[in-house]
Amino acid sequence: MVSSIAMSGHKWAGAPWPCGIYMTKVKYQISPPSQPDYIGAPDTTFAGSRNGFSPLILWDHLSRYSYRDQVERIRAAQELAAYLERRLTAMERELGVELWPARTPGAVTVRFRKPSAELVAKWSLSSQDVLMVPGDETTRRSYVHVFVMPSVDRAKLDALLAELAEDPVILGAP
């Protein structure tokens, strides 16, 4: 039933720079572009990989953890992501604020309302503005997301939640 798999090496495996793996069934494969837009130059590497060290880091990670280990790490991350989503939903009710928590079932990423710039910087939260179109009016919402990596534990999530509960932007202070 699976047609492709993608892994962020910098998120999941902890590589020191952005890199990743994308695998798909042969029938869905396409040839890599010879001049990809995102690097602005002819590409002589396989599919824009640009260096040989990233694959070594990913290979090291994948060879260090067995299939069972990987499944357990993912299961633990999914449980923590579900915990964060539940706590954000509870915080909405308890504080009477809108946090817009969202998580795709099975995902290890949780999206919610963007807090103050200080918290975004402190927790290295990626942000994104999204246009919502309820009815005839257009609303812009600013979101951040937490990617629950293997290094994340409940104590870190609780610390983030405690700071969110006191954040002036979340609380609606001017």
Side-chain angles (χ1 to χ4, degrees), residues 2-26 28-85 88 100-131 140-157 159-161 163-164 169:
V2 174
S3 61
S4 66
I5 297 172
M7 180 183 116
S8 293
H10 57 291
K11 291 178 182 166
W12 192 254
W17 50 76
C19 62
I21 295 173
Y22 173 76
M23 297 185 297
T24 189
K25 292 180 178 178
V26 172
Y28 297 123
Q29 289 178 352
I30 58 172
S31 297
S34 61
Q35 221 168 329
D37 293 337
Y38 59 89
I39 62 172
D43 184 18
T44 59
T45 65
F46 176 72
S49 62
R50 295 196 295 259
N51 72 57
F53 197 55
S54 292
L56 290 176
I57 289 173
L58 297 174
W59 175 85
D60 178 67
H61 172 81
L62 293 171
S63 66
R64 187 175 302 185
Y65 298 99
S66 71
Y67 177 80
R68 184 172 292 186
D69 292 340
Q70 291 286 5
V71 169
E72 177 54 31
R73 289 164 58 105
I74 291 166
R75 188 198 56 72
Q78 288 171 327
E79 286 178 6
L80 284 172
Y83 168 77
L84 177 59
E85 181 186 27
L88 287 166
W100 318 313
R103 175 178 163 262
T104 301
V108 295
T109 305
V110 180
R111 182 177 77 172
F112 57 93
R113 182 176 162 199
K114 184 178 180 180
S116 65
E118 292 77 22
L119 285 188
V120 170
K122 178 179 179 178
W123 291 94
S124 297
L125 300 170
S126 297
S127 61
Q128 178 184 16
D129 287 342
V130 176
L131 285 176
R140 179 178 300 277
R141 288 186 172 179
S142 293
Y143 289 95
V144 294
H145 72 268
V146 169
F147 186 92
V148 180
M149 298 180 268
S151 62
V152 174
D153 58 20
R154 191 177 284 226
K156 286 181 184 175
L157 295 179
L160 170 63
L161 289 161
E163 291 189 35
L164 285 172
V169 170

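Quick note: residue numbers are just sequence positions, from 1. Heavy-atom basis, side chains included; hydrogens, waters and symmetry copies ignored.
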**Item:** Contact check, side chains of Cys19 and Leu58, non-hydrogen atoms, under 4.5 Å
**Value:** yes

**Fill in**
Heavy-atom nearest pair, Ala81 first then Val110, reads O-CG2, 3.3 Å

**Request:** I would like to know whether Gln128 and Ser142 meet side chain to side chain contact (heavy atoms under 4.5 Å, CB included); could you show each step before the answer?
**Result:** CA-CA 6 Å; Gln128 178 184 16; Ser142 293; over 6 Å; no

**Item:** Backbone N/O of Val169 and side chain of Arg113: donor-acceptor pair under 3.5 Å
**Value:** yes

**Item:** Exercise: identify the closest heavy-atom pair between Ser63 and Asp60
**Value:** OG-O, 3.1 Å

**Asked** Roughly how far apart are Trp100 CH2 and Arg141 CZ, rounded to 0.5 Å?
**Response** 5.0 Å

**Prompt:** Between CG of Leu80 and CE of Met149, what distance do you get to the nearest 0.5 Å?
**Reply:** 12.0 Å

**Asked** Do Thr24 side-chain atoms and Ser3 backbone N/O form a donor-acceptor pair below 3.5 Å?
**Response** yes

**Request:** For the residue pair Leu84 and Leu161, establish whether any side-chain heavy-atom pair is separated by less than 4.5 Å.
**Result:** yes

**Message:** Measuring only between side-chain heavy atoms, which start at C-beta, is Ser151 closer than 4.5 Å to Lys156?
**Reply:** yes

**Complete:** Rounding to 0.5 Å, atoms CD (Gln70) and CH2 (Trp12) come to a distance of 7.0 Å

**Asked** Would you say the side-chain atoms of Lys114 pair up with the backbone N or O of Val120, donor to acceptor, closer than 3.5 Å?
**Response** no

**Asked** With a 4.5 Å limit on heavy-atom distance, are the side chains of Ser126 and Val144 in contact?
**Response** no

**Fill in**
Which of Val146, Leu88, Val152 passes side-chain contact (heavy atoms from CB on, under 4.5 Å) with Leu160? It is Val146

**Spacing of Ser127 atom OG and His145 atom NE2 [to the nearest 0.5 Å]** = 9.5 Å

**Asked** Backbone N or O of Asp69 within a donor-acceptor pair of the Ser66 side chain at under 3.5 Å?
**Response** yes

**Asked** By side-chain hydrogen bond (donor to acceptor under 3.5 Å, both in side chains), which residues pair with Arg73, not counting sequence neighbours?
**Response** Tyr65

**Request:** Assign the ring pair Trp17 / Phe53 to parallel, tilted or perpendicular, where the plane angle (0 to 90°) is split at 30° and 60°.
**Result:** tilted

**Asked** Would the number of heavy atoms belonging to other residues, nucleotides or ligands and lying under 6.0 Å from CZ of Arg75 be above 12?
**Response** yes

**Asked** Nearest heavy-atom pair of Arg111 and Tyr143: which atoms, and what distance?
**Response** CG-CD2, 3.3 Å

**Request:** Please check if the side chain of Gln78 supplies one atom and the backbone of Val108 the other of a donor-acceptor pair under 3.5 Å.
**Result:** no

**Request:** Can you see which heavy atom on His61 is nearest to which on Ala13, and at what distance?
**Result:** CG-CB, 3.4 Å

**Prompt:** Would a 4.5 Å heavy-atom cut-off, applied to side chains only, mark Phe112 and Leu164 as touching?
**Reply:** yes

